[in-house]
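Everything numeric here is computed off the predicted structure, so don't read it as measured data. Every chain is numbered from 1 and lettered A, B, ... according to where its sequence line falls, protein lines coming before strand lines.
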Number of protein chains: 2
Amino acid sequence: MAKPTIGDVARVAGVTRATVSHAYSGKRPISAPTKARVYEAAESLGWVPSHSARALATRRANAVGMVIARDPGVIASDSFFPAFIAGLESGLADAEVALLLQVAASRSAEERAYRSMAHGKADGVIVIDLHRSDWRVPFLAELGLTAVLLGAYEQESPFSCVRSDDAVQMRELITHLRGLGHERIAHVSGPLGYVHSHARARAYVEEIGSEELLREGDFGAASGRDLTAELLDVADRPTAVLYANDTMAIAGLSLARSRDFKVPDDLALAGFDDDHLSAHLSPALTSVATDPFRRGRITAEVLLADIGGATPRSVELDCNELRLRASTAAPAPSIAQGGDR
Amino acid sequence: MAKPTIGDVARVAGVTRATVSHAYSGKRPISAPTKARVYEAAESLGWVPSHSARALATRRANAVGMVIARDPGVIASDSFFPAFIAGLESGLADAEVALLLQVAASRSAEERAYRSMAHGKADGVIVIDLHRSDWRVPFLAELGLTAVLLGAYEQESPFSCVRSDDAVQMRELITHLRGLGHERIAHVSGPLGYVHSHARARAYVEEIGSEELLREGDFGAASGRDLTAELLDVADRPTAVLYANDTMAIAGLSLARSRDFKVPDDLALAGFDDDHLSAHLSPALTSVATDPFRRGRITAEVLLADIGGATPRSVELDCNELRLRASTAAPAPSIAQGGDR
DNA sequence: TCCCATCGTCAAACCGGTTAACCTAGGGAT
DNA sequence: ATCCCTAGGTTAACCGGTTTGACGATGGGA
């Protein structure tokens with residue numbers, strides 16, 4: 001019943017503990033017959049090397065951490081998150097590295113979490129929800145932790161970052177809508193403190209040339225609904241609204257319909273992040289797929305490389321894809337004809 | 001720069017390593033002045049005990065694991081999951097226990113994950129997506145791992161389980177709909193292999209007395225849409241549909257509207273799990289809030305207790321709450337009058 | 001005055017691996 | 001014949017904590 005140790009394996013195989021270790025690590029040459037005896041002994045005993053002993057000896061936790069500082073309500077409403085985790089895991093699993101998750105409610109809890117990770121709990125961390133000027137960057141640098149930032153950090157940093165240029169799709173989307181005849185295009189952004197919200201909003205403003213129809217939301221459904229209502233009440237109301245995520249877009253869509261707006265004829269809508277629901281709504285919601293799974297996988301790979309001693313680098317991902325759907329389709333024939341007349 | 005060890009603290013405080021250890025653990029009495037010197041030394045050096053060294057010495061990983069066996073796509077579409085994790089974490093954080101997440105794509109990967117957890121990576125595990133006859137239960141028992149099952153396991157098991165009686169709300173919902181005059185009520189279930197899907201479907205069948213309008217979905221949006229379409233094509237079509245989760249319900253709602261059904265007048269709809277979007281849709285979707293955060297927190301508490309040696313027990317939670325909203329409201333006045341005439 | 005219990009601390013063993021240094025035997029080059 | 005190198009292994013010292021047996025000092029009871 002007692003778990004076998006490397007010593008038990010060594011005894012059964014008739015060698016020393018060091019030999020068993022070498023047989024597995026390959027750091028020293030071991031003859032084929034000896035290796036076979038060791039493997040067999042390990043197999044018969046059901047030996048699995050102790051994770052903590054190895055961690056102690058190698059000073060490697062074989063784990064990476066991620067601290068989530070959002071409040072639980074917001075976590076739940078993010079469709080990006082679970083898929084990203086899955087991608088991360090898939091990248092980590094190959095290297096047998098575990099993912100340590102920690103939710104921190106306060107700044108001090110967050111600092112504590114990072115501290116304990118720096119002290120042997122994790123070899124590196126993934127920083128999400130990056131702010132434009134994020135205190136965590138210098139803090140983690142001081143802790144001597146390896147980190148990967150998710151998003152384009154605008155300042156100097158000693159860490160790798162994995163980013164994508166959301167502005168491209170934002171512009172594509174606006175171009176598409178203009179092609180359909182829309183002139184008043186609004187944007188409901190995420191909190192502008194976040195680098196990705198900010199980048200999307202900036203692309204919008206640059207392309208449109210005005211902030212008149214820009215509203216700052218918080219990624220939650222309630223803000224999507226309320227800001228949509230506000231925009232529809234504007235004197236010269238927008239005929240199209242771009243949202244920084246699908247949750248807000250779906251809430252906006254729902255509100256628009258309850259007020260008897262026809263989508264896309266009266267109002268065109270588009271989201272961002274391509275929530276799993278979006279393709280299945282009626283009308284299906286135009287959105288930008290951001291492939292969170294792949295993003296997670298790449299992030300994991302970059303982090304593992306950095307932990308292994310690679311030089312931090314900035315990786316630009318090209319995994320955004322505009323998914324044009326019915327919510328921004330050309331106006332229905334009947335209306336189109338009406339417009340032509 | 002080098003991380004201070006307990007030895008450094010001992011030297012500065014002028015005591016031995018054992019004394020430092022005892023000063024913190026309290027397993028031996030230490031005089032107040034000595035203790036003060038130790039604390040001060042630790043403080044000044046910024047000492048944080050090494051996680052791996054402690055884990056090795058105490059044979060406690062101070063971590064609990066959770067293996068997610070769903071495929072990434074399904075993970076992303078589950079609103080229950082992130083909030084549950086957040087709740088778990090909140091229960092674990094107080095005890096300074098970390099949460100280890102692992103995504104396993106295959107049965108063998110899953111077994112490997114559990115094995116490595118049993119060998120020092122985790123002190124216990126949380127089993128989600130429980131099947132009615134789940135291979136993991138005997139497997140984990142054999143590994144000697146402590147576990148908590150999420151959901152009502154119907155057979156004997158050596159583990160605690162945290163469950164709730166979803167049948168109550170299912171019946172409430174049906175009663176409510178009947179009160180509104182609905183006679184043909186359908187149910188789109190989740191995969192019937194899962195204990196919770198099965199329990200909900202069973203409650204439905206017992207209350208309705210027929211399986212004619214029961215359809216087995218997979219919790220995904222596509223299946224919600226397609227099965228709704230199928231149900232609406234039935235000869236004597238249902239006037240109300242209950243879904244086993246909100247994702248399917250929202251897809252169903254969307255489809256119904258695209259076919260010009262008025263909700264709730266022509267068709268009443270209700271989901272389960274109260275997705276963050278549901279309250280903000282128009283019409284807002286009736287659903288059953290299952291408080292995943294609280295569920296997670298309680299699960300963590302039970303697991304920690306069991307790891308500490310408590311006797312496994314079955315905890316029945318009472319945190320489901322029916323949220324009646326517009327999608328199952330009384331028919332609109334105009335229609336109701338029409339009915340009365 | 002003597003004995004024993006208690007308190008506070010120390011020294012050393014231990015947890016289960018990894019790894020640097022050392023040893024030995026055989027083979028090829030010189 | 002000598003020298004050096006390499007393959008294959010052993011020994012022992014770590015990694016950074018926890019735990020336990022031993023021990024001197026103090027104090028109370030008989």
Side-chain angles (χ1 to χ4, degrees), chain A residues 1-39 41-42 45-63 96 115-123, chain B residues 1-39 41-42 45-63 96 115-123:
Chain A
M1 198 60 222
K3 303 212 158 90
T5 75
I6 198 174
D8 299 327
V9 175
R11 195 172 323 114
V12 170
V15 296
T16 63
R17 302 188 300 157
T19 305
V20 176
S21 180
H22 290 141
Y24 278 92
S25 69
K27 300 223 166 182
R28 285 295 166 96
I30 298 290
S31 72
T34 308
K35 203 178 277 190
R37 284 213 319 284
V38 169
Y39 287 173
L45 288 159
W47 175 68
V48 175
S50 150
H51 190 257
S52 21
R54 173 173 296 175
L56 178 58
T58 59
R59 280 143 272 235
R60 271 288 187 85
N62 279 308
E96 307 242 358
R115 273 222 173 73
S116 83
M117 288 183 177
H119 282 266
K121 244 170 144 174
D123 305 318
Chain B
M1 197 62 220
K3 303 214 159 91
T5 75
I6 198 173
D8 301 327
V9 175
R11 195 173 322 113
V12 171
V15 295
T16 63
R17 302 189 301 156
T19 303
V20 175
S21 178
H22 290 140
Y24 278 91
S25 70
K27 300 222 169 186
R28 286 282 174 98
I30 298 289
S31 71
T34 307
K35 202 176 278 188
R37 284 212 319 283
V38 169
Y39 286 172
L45 288 161
W47 176 66
V48 176
S50 148
H51 191 258
S52 24
R54 173 173 295 174
L56 177 58
T58 59
R59 279 135 272 229
R60 270 289 187 83
N62 281 309
E96 307 244 355
R115 272 222 174 73
S116 83
M117 287 183 179
H119 283 267
K121 244 172 147 174
D123 305 317

- Query: So, is A/Ser31 near the phosphate of D/dG8, with a side-chain N or O under 4.0 Å from OP1 or OP2?
  - Reply: no
Closest to the side chain of A/Arg17, out of D/dG16, D/dA13, C/dC7, is D/dA13
So, do B/Glu96 and B/Asn62 sit near enough that their side-chain heavy atoms are less than 4.5 Å apart?
no
Check your understanding: So, is B/Thr58 close to the C/dC15 phosphate, meaning a side-chain N or O under 4.0 Å from OP1 or OP2?
Key -> no
(Q) Check this for me: does the side-chain of A/Arg60 come within 3.5 Å of the base of C/dG17 through a donor and an acceptor? (A) no
### Query
Counting just side-chain N and O atoms, does A/Thr16 come under 4.0 Å of either OP1 or OP2 of D/dG9?
no
Closest of D/dT11, C/dC10, D/dG16 to the A/Leu56 side chain is D/dG16
From NZ of A/Lys35 across to P of D/dA7 the rounded distance in Å is 12 Å
From NZ of A/Lys121 across to C1' of D/dG17 the rounded distance in Å is 16 Å
Between CZ of B/Arg11 and C1' of D/dG16 the distance, given in whole Å, is 13 Å
In terms of heavy-atom contacts, B/Ala41 and B/Val9 come closest through CB-O, 3.8 Å
Looking only at heavy atoms, the pair that brings A/Lys121 and A/Ala63 closest together is O-CB, 3.7 Å
Nearest-nucleotide check on DNA chain C, B/Ile30 vs A/Ile6; residue mapping nearer the 5' end is B/Ile30
Tightest non-hydrogen contact, residues A/Lys3 and A/Asp8, listed as O-OD2, 4.3 Å
Of the candidates D/dT10, C/dC10, D/dG16, the side chain of B/Thr19 sits closest to C/dC10
B/Pro29 has its side chain closest, among C/dC7, C/dG16, C/dA12, to C/dC7
Is B/Arg28 touching bases, backbone alone, or none of the nucleic acid, heavy atoms closer than 4.0 Å?
base
Practice item. Compare side-chain N and O positions of A/Trp47 against OP1 and OP2 of C/dG17 and report whether any pair is under 4.0 Å apart. Key: yes
Here the distance between atom C1' of D/dC15 and atom CG of B/Asp8, to the nearest Å, is 13 Å
Rounded to whole Å, CG of B/Asn62 lies from C1' of D/dT18 at a distance of 13 Å
With the side chain defined as heavy atoms from C-beta on, A/His22 is closest, among C/dA20, C/dC15, D/dG16, to C/dA20
d(A/Arg60 CZ, A/Arg54 CZ) to nearest 0.5 Å is 12.0 Å
Of D/dG16, D/dT20, C/dG17, the nucleotide closest to the side chain of A/Ala57 is C/dG17
Checklist line | Any N/O donor-acceptor pair, A/Arg54 side-chain to C/dT18 base, under 3.5 Å | finding: no
Think A/Lys27 has a side-chain N or O under 4.0 angstrom from the OP1 or OP2 of C/dT18?
no
Whole-Å distance, B/Arg59 CZ to C/dG17 C1', equals 14 Å
Residues B/Ala61 and B/Gly120: closest non-hydrogen pair is CB-O, 3.3 Å
N/O (side chain, A/Thr34) to phosphate O (OP1/OP2, D/dG9) under 4.0 Å: yes
ask   = Think B/Ser21 has a side-chain N or O under 4.0 angstrom from the OP1 or OP2 of D/dG17?
value = no
B/Val15 near the nucleic acid: base, sugar-phosphate alone, or nothing, with a heavy-atom cut-off under 4.0 Å? sugar-phosphate
